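The next block holds one structure in the form of structure tokens; read it before the comments.
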Amino acid sequence: MFKEFKAFVSRGNVIDLAVAVIIGAAFSKIVSSLTDDLLMPLIGKIFGGLDFSSYFIALGPIPANLAGSTDYAALKKAGVPLFGYGAFVTAAVNFLIVAFIIFLLVRAVNRMLPKPEEAAAAEPADVTLLREIRDELKKKNAA
């Protein structure tokens, strides 16, 4: 089992995947900052508030020391059940940004990669020659 695991880990795809996860985590922080610090304040301003992530509905009693508080994190930490639709909208915007950027990257890579028929047409001359020899040998053996 250890040998199988070692073979699995030493394959190039696993290393590439690990690098992609690390880069993805760093990219996620950039997107979160873009959303939290730039986009959501603008959206919040349009809808009447500067901090869109503080939009919530309290579903339970609020402790006396936090009465009137609009600090989502403090209320959540105090154990107040909250319907945090602002935080959800922020996460949804994060997802849409990441999904759109990934779509653009995949689209660019697909344009750069040769199409299957182009790849077959760009076959090396020695492979073409070997195919012709194989076909001639098949003809001679069939006759």
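Quantities reported herein were computed from a predicted structural model and do not represent experimental measurements.
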Quick check: is [Y] connected to [X] through a chain of hydrophobic side chains (ILVMFWY, heavy atoms under 4.5 Å apart)?
X: Y85; Y: L59; value: yes
X: L34; Y: V89; value: yes
X: L38; Y: V31; value: yes
X: I97; Y: L104; value: no

Ignoring hydrogens and angles, write down the donor-acceptor pairs under 3.5 Å from the side chains of residues 135-143, residues two or more places apart or on other chains.
from: N141; atom 1: ND2; to: L137; atom 2: O; distance (Å): 3.3

Next on the checklist: Just checking F27: does its CZ atom have more than 12 heavy atoms from other residues, nucleotides or ligands closer to it than 6.0 angstrom?
Outcome noted: yes
Checklist entry - Just wondering, are more than 12 heavy atoms of other shown residues or ligands nearer than 6.0 Å to CZ in R134? => result yes
Item to check | For N110, side chain to side chain donor-acceptor pair (under 3.5 Å) partners two or more places apart | outcome: none
Item to check | side-chain contact (heavy atoms from CB on, under 4.5 Å) evaluation trace for E132 with T128 | outcome: CA-CA 6 Å; E132 290 173 4; T128 304; 3.8 Å; yes
Next on the checklist: Would the distance check show the side chain of S32 and the main-chain N or O of S28 forming a donor-acceptor pair, the cut-off being under 3.5 Å?
Outcome noted: yes
